[in-house]
Amino acid sequence: MTATCPECDAEIILTGKVLVGEIVTCPECGTELEVIDLNPPQLDLAPQEEEDWGE
Amino acid sequence: MAQSADSGNKDVTLLRQMLEIESLSGQEQELSAFLVGAMQARGFSRAYVDAAGNAIGEVGEGPRPVVLLGHIDTVPGRVPVRLENGQLYGRGAVDAKGPLAAFISATAQAGPLPGLRLVVVGAVEEEAATSKGTRAIARRFQEEGIPVACVIGEPSGWDRITVGYKGRLLADFMAEQSAGHTAGPRGGVCETAVLWWLAIQAYCNIYNVGKAALFDQLHPSLRRIHSFGDGLVERVEATAGFRVPPECDVADLRATVKEAAKAAGGRVRLYAEEMPYRAEKNTPLARAFLAAIRASGGTPAFKVKTGTSDMNVVGPAWGCPIVAYGAGDSSLDHTPDEHIVIEEYLRSIAVLAHALRGLADEKP
């Protein structure tokens, strides 16, 4: 199964049992991506990571 | 929007009642007993206080335990409990009675789920460096079987999921010398503490070169300094704390703090060490939360935090999928203005219930 990186257009091979919501990393640009659809396979930028202080 | 933000809502009433019971670390018995009754009243199949004093409620008999681990103790400082403009004020409203009350309400709402045993824990002494309640829970599930997932009850915001906490190390410095005249050539004993602090600060500054993110930096803080004497001997004591990032060589940090103390002419005691922990994002638990936040109309994001939580204790002990989640703004933790926005609190309950159902749908 393959999908396209929305950041750099690289073709990404998705292996194993792929799930909606799965986070993958683009091997070309290193961006974290989220599988948002399987039919056809589609990737979007993964939820961003923020910093926060406290507990 | 989950439900209207009125004070007659039973989930709001639960939180308000929890806030009205003061529960400083080591003085949680009244709240533990109250929570057992509250969980029984909401149909939990078991509710009890364990040997450590934790209030625990269970729903479902499935073979896969999911632990929702909150804490019931608070730091000191009485914040009058009141509902104003859709905001509920009180000590612990965000840290962390709000998230724990949401665990209880969401678990009751989700009900027994196929294959799962939902275990809500209101742990004691999280705000103390002992983490007594959580360490007891960590040992229990290491013996009984590791949970399939764990949610820590700390404020992340209703549409955010916390996946990492820095570690912590505390250091008490002490030095003494015979008393001398300040006009003399020898420095005062206070200067030894200053030398120690400057040396460890310099070590941290070098470590932090090129690290832009706070989460990646080694952050020192001078928490206390005190000098005293009896006319014959003068002494100085100081306490420093370190917020430790995941990549830090803690053994090297410990050695540096000790060597700096010796070089300054004092000695040091290291304690309250918690290892940093960064959770895996690619888990059934994280996926369930992402889906649940979107289903409630939110745009989810992950968070990493510069403080510590019970994730630092059970994360390494269990190694299971783990996140921290809870309504509220953590910048209000420990402040006189501590409050939770009722609308956000109710949304977090809807998200939690949705996430628990989603987790049950994931096949093991």
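Sequence lines set the chain letters: A, B, ... in the order given, protein chains first and strands last, and positions in each chain run from 1. The model shown is predicted, which means the values in this text are computed figures rather than measured ones.
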Student: Hey, which of Pro155(B), Pro284(B), Ser331(B), Pro300(B) has the most heavy atom pairs under 4.5 Å with chain A?
Tutor: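 Max contact count across the listed options: Ser331(B).
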Student: Which bit of Glu127(B) is near chain A, if near means a heavy-atom gap under 4.5 Å: side chain, backbone, both or neither?
Tutor: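 Contact with chain A: side chain only.
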Student: Would you say the side chains of Asp52(A) and Ser330(B) form a donor-acceptor pair under 3.5 Å?
Tutor: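 Ser330(B) and Asp52(A) do have a side-chain donor-acceptor pair below 3.5 Å.
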Student: Does a salt bridge link Arg160(B) with Glu50(A), judged by any charged N lying under 4.0 Å from a carboxylate O?
Tutor: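 So Arg160(B) pairs with Glu50(A) through a salt bridge.
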Student: I'd like to know whether Ile23(A) forms a side-chain contact (heavy atoms from CB on, under 4.5 Å) with Arg287(B), so could you lay out the CA-CA distance, the side-chain angles of the two residues, the decisive distance to 0.1 Å, and finally the verdict.
Tutor: CA-CA 9 Å; Ile23(A) 310 282; Arg287(B) 284 196 290 277; over 6 Å; no
Student: So, taking the atom named CZ in Phe302(B) and the one named CD in Glu51(A), what distance separates them when rounded to the nearest 0.5 Å?
Tutor: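 Answer rounded to 0.5 Å: 15.5 Å.
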Student: What residue, out of Thr283(B), Leu214(B), Asp333(B), has the most heavy-atom pairs lying under 4.5 Å from chain A?
Tutor: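 Answer, by heavy-atom pair count under 4.5 Å with chain A: Leu214(B).
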Student: If the threshold is 4.0 Å, N to carboxylate O, is there a salt bridge linking Lys281(B) and Glu49(A)?
Tutor: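 Salt bridge between Lys281(B) and Glu49(A), a charged N being under 4.0 Å from a carboxylate O: yes.
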Student: Which one of Ser309(B), Ala213(B), Ala324(B), Ala291(B) has the most heavy-atom pairs closer than 4.5 Å to chain A?
Tutor: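 The option with the most such pairs is Ala213(B).
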Student: Under a 4.5 Å cutoff for heavy-atom pairs, which residue among Val304(B), Asp310(B), Ile152(B) has the most contacts with chain A?
Tutor: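 Among Val304(B), Asp310(B), Ile152(B), the one with the most close pairs to chain A is Val304(B).
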Student: Looking at CG of Asn282(B) and CD of Glu22(A), how far apart are the two atoms once the value is rounded to the nearest 0.5 Å?
Tutor: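 Those atoms lie 5.0 Å apart.
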Student: Heavy-atom pairs under 4.5 Å with chain A - which of Arg243(B), Arg294(B), Glu126(B), Met311(B) has more of them than the others?
Tutor: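 Among the listed options, the one with the most contacts to chain A is Arg294(B).
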Student: Check Pro47(A) against Ala301(B) and note the closest heavy-atom contact, atom names and distance.
Tutor: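 That would be CB-CA, 3.8 Å.
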Student: Is chain A contacted by the side chain of Tyr165(B), its backbone, both, or neither, given a heavy-atom distance below 4.5 Å?
Tutor: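 It is the side chain, since no backbone atom gets that close.
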Student: For Glu280(B), look at atom CD and say whether over 12 heavy atoms of other residues, nucleotides or ligands are found less than 6.0 Å away.
Tutor: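 For Glu280(B), atom CD is crowded (more than 12 foreign heavy atoms under 6.0 Å).
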